[in-house]
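Worksheet: the structure to be examined is printed underneath.
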Amino acid sequence: MDNRCTLSGDRRENSKKEKEGCLVVDMEAAGMMAVAQFRQVVYGQILYAGDDLSSVEWDNRGWQSRVDIRESLFWLCADACLSL
């Protein structure tokens with residue numbers, strides 16, 4: 001398994017997550033989820049990565065031209081969040 005990590009946040013938290021086996025941590029999403037849990041509200045978040053930076057070479061995966069797929073994904077995710 002690839003052990004590269006793409007993390008945001010402070011180094012202490014990143015080290016903890018790396019030891020837990022996380023390859024990717026989005027600290028902003030984690031913060032919003034923690035607030036929702038504290039406030040006891042239903043919360044849904046969609047993280048969308050159009051390109052891939054996990055290797056030496058950047059892979060844009062053609063995300064700029066995939067408007068129809070992105071729009072379909074958005075509406076599927078919106079329906080899922082509304083059903084929470």
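For this chain, numbers begin at 1 and follow the sequence in order. All heavy atoms count here, side chains included; hydrogens, waters and symmetry mates do not.
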### Connected hydrophobic set around V35, excluding itself, where side chains approach under 4.5 Å
none
### Query
Heavy-atom count around M32 CE within 6.0 Å, excluding the residue itself: above 12?
no
### Task
Please check if atom CZ in R70 has more than 12 non-hydrogen atoms from other residues, nucleotides or ligands closer than 6.0 Å.
yes
### Task
Using side chain to side chain contact (heavy atoms under 4.5 Å, CB included) as the criterion, list what pairs up with R61, not counting sequence neighbours.
A49, D52, D59
#### Entry: Where at least one partner belongs to residues 33-46, residue pairs that pass side chain to side chain donor-acceptor pair (under 3.5 Å), sequence neighbours excluded
Y43-Q45
### Query
Quick one: hydrophobic cluster around V67, which other residues, with the 4.5 Å side-chain cut-off, linked directly or via members?
none
Check residues 75-84 and write down every donor-acceptor pair under 3.5 Å in which the side-chain atom is one partner and the other belongs to a residue at least two apart or another chain.
from, atom 1, to, atom 2, distance (Å)
S83, OG, A80, O, 2.8

